[in-house]
Amino acid sequence: MSDTKILVIGANGQLGSVLVKELQRKYGLENIIASDIRSNESFNGLFEKLDATNFDAMQELIVKHSITQIYHLAAILSAKGEQDPLWTWDLNMKMMLNVFEVARLTKIEKVFFPSSIAVYGDAIDRNNTSQNSFLNPATVYGMSKAAGENWAQYYFDKYGLDVRSLRYPGVIGHQSMPGGGTTDYAVDIYHAAVKGKNYECFLDHDTELPMIFMEDAIRATIELMEAPKENIKTRTSYNIAGMNFTPAEISSSIQEYYPNFNVNYKPDYRQKIADKWPKSINDDEAKDDWNWKPTYDLKSMTKVMIEKLKLKFQASSAEI
Ligand code: AKB
């Protein structure tokens with residue numbers, strides 16, 4: 001029997017919902033405690049409702065289930081965060097500090113804290129942005145992630161807490177929907193195409209951004225968490241790259257399957273956010289330290305996205 005008991009915070013989210021299933025598959029249904037602020041009636045496995053801003057509730061849950069590892073995935077993302085900056089800062093910082101402090105007090109073995117390409121701002125070279133480029137985030141979300149990276153380093157240096165982190169690019173998957181991010185268009189666009197609709201894109205046609213397919217993002221997360229401790233040399237957060245593309249390039253790849261698919265470009269406030277982010281990311285440190293290697297490019301991702309979404313929509317229309 002495994003001694004590993006994992007708490008996932010933010011288990012209903014885009015990444016959390018997929019990660020939980022993979023962790024259940026790897027470690028056993030009974031060893032994964034999924035939690036979220038919203039309850040989940042249809043959840044298969046152990047689920048606890050948790051408000052991660054509540055320190056005592058988090059601590060009680062960890063003690064109750066003898067948790068050994070935490071994956072903390074709850075946060076307000078870049079675009080939504082700009083609509084209420086102070087609330088976003090309070091929420092993101094409170095949840096993250098609760099996780100680190102409860103983990104320290106309850107002697108948690110390992111903590112996963114997600115960071116983002118949003119930690120970068122206009123001080124960088126936007127092509128192949130290196131791990132140690134200057135961080136001057138322009139969104140509250142990015143500021144909270146940059147601060148979180150420093151706290152991760154601090155908890156490691158001061159208390160030996162084994163915090164591990166990735167700077168995610170935009171994550172694209174067929175299993176779940178993102179919410180409140182600047183890269184969300186790259187999921188929405190596939191849904192529109194498969195439903196036979198055209199798409200109105202909130203970023204301009206030539207806005208290149210780093211992205212990653214869900215399968216690669218989940219694999220990277222678990223590989224990082226399972227890597228030997230001595231291999232983890234970056235204690236702020238690792239850059240990881242998957243692929244880079246513009247809205248025009250993703251729509252061309254969709255047009256291979258749907259030649260009449262059309263995109264209308266109507267940039268909104270999210271354009272300004274994207275314009276300060278890297279166009280591509282250098283992930284040499286992740287490759288060197290724990291053998292990170294992405295497997296999907298735009299072409300292979302589009303094939304899977306379209307196949308899977310078609311099946312999903314066929315199944316849901318058959319149910320009606
Ligand atoms: C967002 O767009 O805010 C996120 C991210 C890149 O962290 N997907």
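Numbering of ligands and ligand atoms starts at 1, following listing order. Small disclaimer: the values here were computed from a predicted structure and weren't measured. Starting from 1, each residue takes its place in the sequence as its number.
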Exercise for review: Answer yes or no on whether R164 is positioned over the face of F112, meaning its NZ or CZ is under 6.0 Å from the six-membered ring centre and within 45° of the axis.
Suggested key: no
Exercise for review: For A220, enumerate each residue passing the side chain to side chain contact (heavy atoms under 4.5 Å, CB included) test, keeping only those at least two apart in sequence or located in another chain.
Suggested key: L166, I240, W290, W292
Revision key, fill the gap. for atom 5 (C) of ligand 1, nearest protein heavy atom and its distance come out as S116 OG, 3.5 Å
**Study point:** Nearest-contact summary for atom 8 (N) of ligand 1 - protein heavy atom, Å
**Key:** T183 OG1, 2.9 Å
Revision key, fill the gap. Besides W87, the hydrophobic cluster formed by Ile, Leu, Val, Met, Phe, Trp and Tyr side chains linked at under 4.5 Å, directly or via other members, contains I76, L91, M95
Check your understanding: Is the centre of the F113 ring less than 6.0 Å from the centre of the F100 ring?
Key -> yes
Review point. What residue and heavy atom of the protein are closest to atom 1 (C) of ligand 1, and at what distance?
Key: S78 OG, 3.3 Å
Review point. Side chains of Y190 and T302: do they bring a donor and an acceptor to under 3.5 Å?
Key: yes
Review point. With only distance considered, is D184 within less than 3.5 Å of ligand 1 through an N or O on each side?
Key: no
Check your understanding: Which is closest to atom 2 (O) of ligand 1 in terms of heavy atoms, L77, I117, T182?
Key -> T182
Review point. Which atoms from ligand 1 have a heavy atom of G181 less than 4.0 Å away?
Key: 1 (C), 2 (O), 3 (O)
